Amino acid sequence: MFSVEATKTLPRAEFSKNHRILVVEDEDLIREMLVLALEEEGYEVSIAADGQSALNSLYRAEPVSTDFPFDLIVLDIMLPQVNGLDLCRLLRQQGNPVPILILSAKGSETDRVLGLEVGADDYLTKPFSMREFIARCRALFRRQRLNGSIDPQVLRFGEITLYPQECRVMVSTEEVNLSPKEFRLIELFMSYPRRVWSRDQLLDRVWGPDFVGDSKTVDVHIRWLREKLERDPSQPEYIITVRGFGYRLG
């Protein structure tokens with residue numbers, strides 16, 4: 001049904017990094033192939049096997065920007081519980097602007113028009129090649145980028161507000177002074193709320209892969225961040241320790 005023909009022949013888009021995609025597909029094999037192709041391109045992928053699970057994922061996740069926790073939804077139409085068209089229509093009624101790529105075995109003109117009219121940005125008919133699928137995803141991100149909707153100007157979580165371009169952080173109405181490493185740590189946490197980061201992952205993302213030193217420097221910076229951001233650093237509400245794994249926001 002699907003061809004896994006060399007997606008590697010497509011030049012890798014530099015702006016694929018860190019985009020988060022929700023794949024909603026009830027067929028296990030198709031879902032696994034989509035996820036594999038997307039992860040090979042550097043995207044962060046979440047999955048749902050039915051419409052209700054997709055809704056739960058959307059409502060459970062904290063938004064990275066002010067509106068939505070994902071940068072793209074890949075959405076099958078024929079889903080259990082809540083079908084893809086109803087899910088797409090609901091998201092648009094709620095004002096969510098996230099790009100939606102519909103996948104469907106229904107390829108008639110009427111079906112394609114209906115999918116676009118309920119709010120999808122693109123419609124891909126099964127069977128399709130992974131190469132075309134990745135190209136469609138890239139095109140949607142490129143269109144989004146040209147519209148200026150990527151890289152949100154403000155990140156918010158609870159009472160913390162972060163302005164990436166200004167390197168400025170507010171807690172409620174008070175601005176806090178952070179070192180460059182502290183700022184990059186909280187920016188990373190706020191970009192991926194509730195994701196657990198190990199010390200090694202934090203060192204790699206914030207200090208860089210060439211860092212030579214003790215991983216406990218992460219614990220020291222976390223302690224400093226808590227002192228500046230938490231009401232009670234000894235009982236943190238924001239930067240949570242996940243014992244045996246690392247740290248997460250919220």
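As the structure is a prediction and not an experimental result, all values here were calculated from the model.
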Can you tell me how far apart [atom1] ([X]) and [atom2] ([Y]) are? Round to the nearest 0.5 Å.
X      : Y      : atom1 : atom2 : answer
Glu182 : Leu225 : CD    : CG    : 5.0 Å
Lys126 : Met78  : NZ    : CE    : 9.5 Å
His221 : Lys216 : NE2   : NZ    : 16.0 Å
Leu87  : Arg92  : CG    : CZ    : 10.0 Å
Ile222 : Ile239 : CD1   : CD1   : 5.0 Å
Leu124 : Ile102 : CG    : CD1   : 11.0 Å

_I'd like to know whether Glu44 forms a side-chain contact (heavy atoms from CB on, under 4.5 Å) with Arg195, so could you lay out the CA-CA distance, the side-chain angles of the two residues, the decisive distance to 0.1 Å, and finally the verdict._
CA-CA 12 Å; Glu44 180 182 341; Arg195 171 173 172 172; 3.7 Å; yes
Under a 3.5 Å cutoff, is there a donor and acceptor pairing between the side chains of [X] and [Y]?
X      : Y      : value
Thr241 : Arg226 : yes
Ser53  : Asp50  : yes
Ser234 : Asp232 : yes

Please examine the side chains of [Y] and [X], heavy atoms only from C-beta on, and report whether any two atoms are closer than 4.5 Å.
X      : Y      : answer
Ser46  : Val23  : no
Asp111 : Tyr123 : yes
Asp200 : Leu202 : no
Ile21  : Phe70  : no
Leu114 : Leu85  : yes
Ile186 : Leu162 : yes
Asn56  : Gln52  : yes
Tyr163 : Val169 : no

Please check: side-chain N/O of [X] versus main-chain N/O of [Y], any donor-acceptor pairing under 3.5 Å?
X      : Y      : value
Arg112 : Gly107 : yes
Glu230 : Glu237 : yes
Lys228 : Asn177 : yes
Ser104 : Lys106 : yes
Asp71  : Arg20  : yes

Lys/Arg-Asp/Glu bridge criterion (N-O < 4.0 Å) met for [X], [Y]:
X      : Y      : value
Glu132 : Arg136 : yes
Arg31  : Asp26  : no
Arg89  : Asp86  : yes

*Glu227 atom CD: more than 12 heavy-atom contacts under 6.0 Å*: yes
_Go through it in stages, so that I can follow the logic: the residues are Val35 and Ile47, the test is side-chain contact (heavy atoms from CB on, under 4.5 Å), and I'd like the CA-CA distance, side-chain angles, deciding distance and then a yes or no._
CA-CA 8 Å; Val35 170; Ile47 60 173; 3.4 Å; yes
*Are the aromatic ring centres of Tyr238 and Tyr247 under 6.0 angstrom apart?*
no
For the residue pair [X] and [Y], what are the closest heavy atoms and their distance?
X      : Y      : result
Asp219 : Arg199 : OD1-NE, 2.9 Å
Ala49  : Leu79  : O-CD2, 4.4 Å
Pro99  : Leu140 : CB-CB, 4.4 Å
Ser191 : Leu155 : OG-CD1, 3.7 Å
Val98  : Asp121 : O-OD2, 3.8 Å
Cys88  : Ala120 : SG-N, 3.5 Å

Quick one: do [X] and [Y] end up in the same hydrophobic cluster if we chain Ile, Leu, Val, Met, Phe, Trp and Tyr together by side-chain heavy atoms under 4.5 Å apart?
X      : Y      : value
Trp224 : Leu229 : no
Phe128 : Tyr43  : yes
Val113 : Leu101 : no
Leu249 : Val242 : no
Phe245 : Val206 : no

_Test question: given the 4.5 Å side-chain rule for I, L, V, M, F, W and Y, name all other residues clustered with Leu36, or answer none._
none
*With sequence neighbours left out, which residue pairs that include part of residues 158-179 fulfil the salt bridge (charged side-chain N to carboxylate O under 4.0 Å, His left out) condition?*
Glu159-Arg231, Glu166-Arg168
*Indicate the ring-plane relationship of Tyr192 and Trp197, choosing parallel, tilted or perpendicular according to the 30° and 60° boundaries.*
perpendicular
*Leu29 and Met33: side-chain contact (heavy atoms from CB on, under 4.5 Å), yes or no, with the steps?*
CA-CA 6 Å; Leu29 179 59; Met33 293 176 67; 4.2 Å; yes
*asked:* Could you go through Val24 and Ile73, starting from their C-alpha distance and side-chain angles, then the distance that decides it, and tell me whether this counts as side-chain contact (heavy atoms from CB on, under 4.5 Å)?
replied: CA-CA 7 Å; Val24 189; Ile73 296 179; 4.2 Å; yes
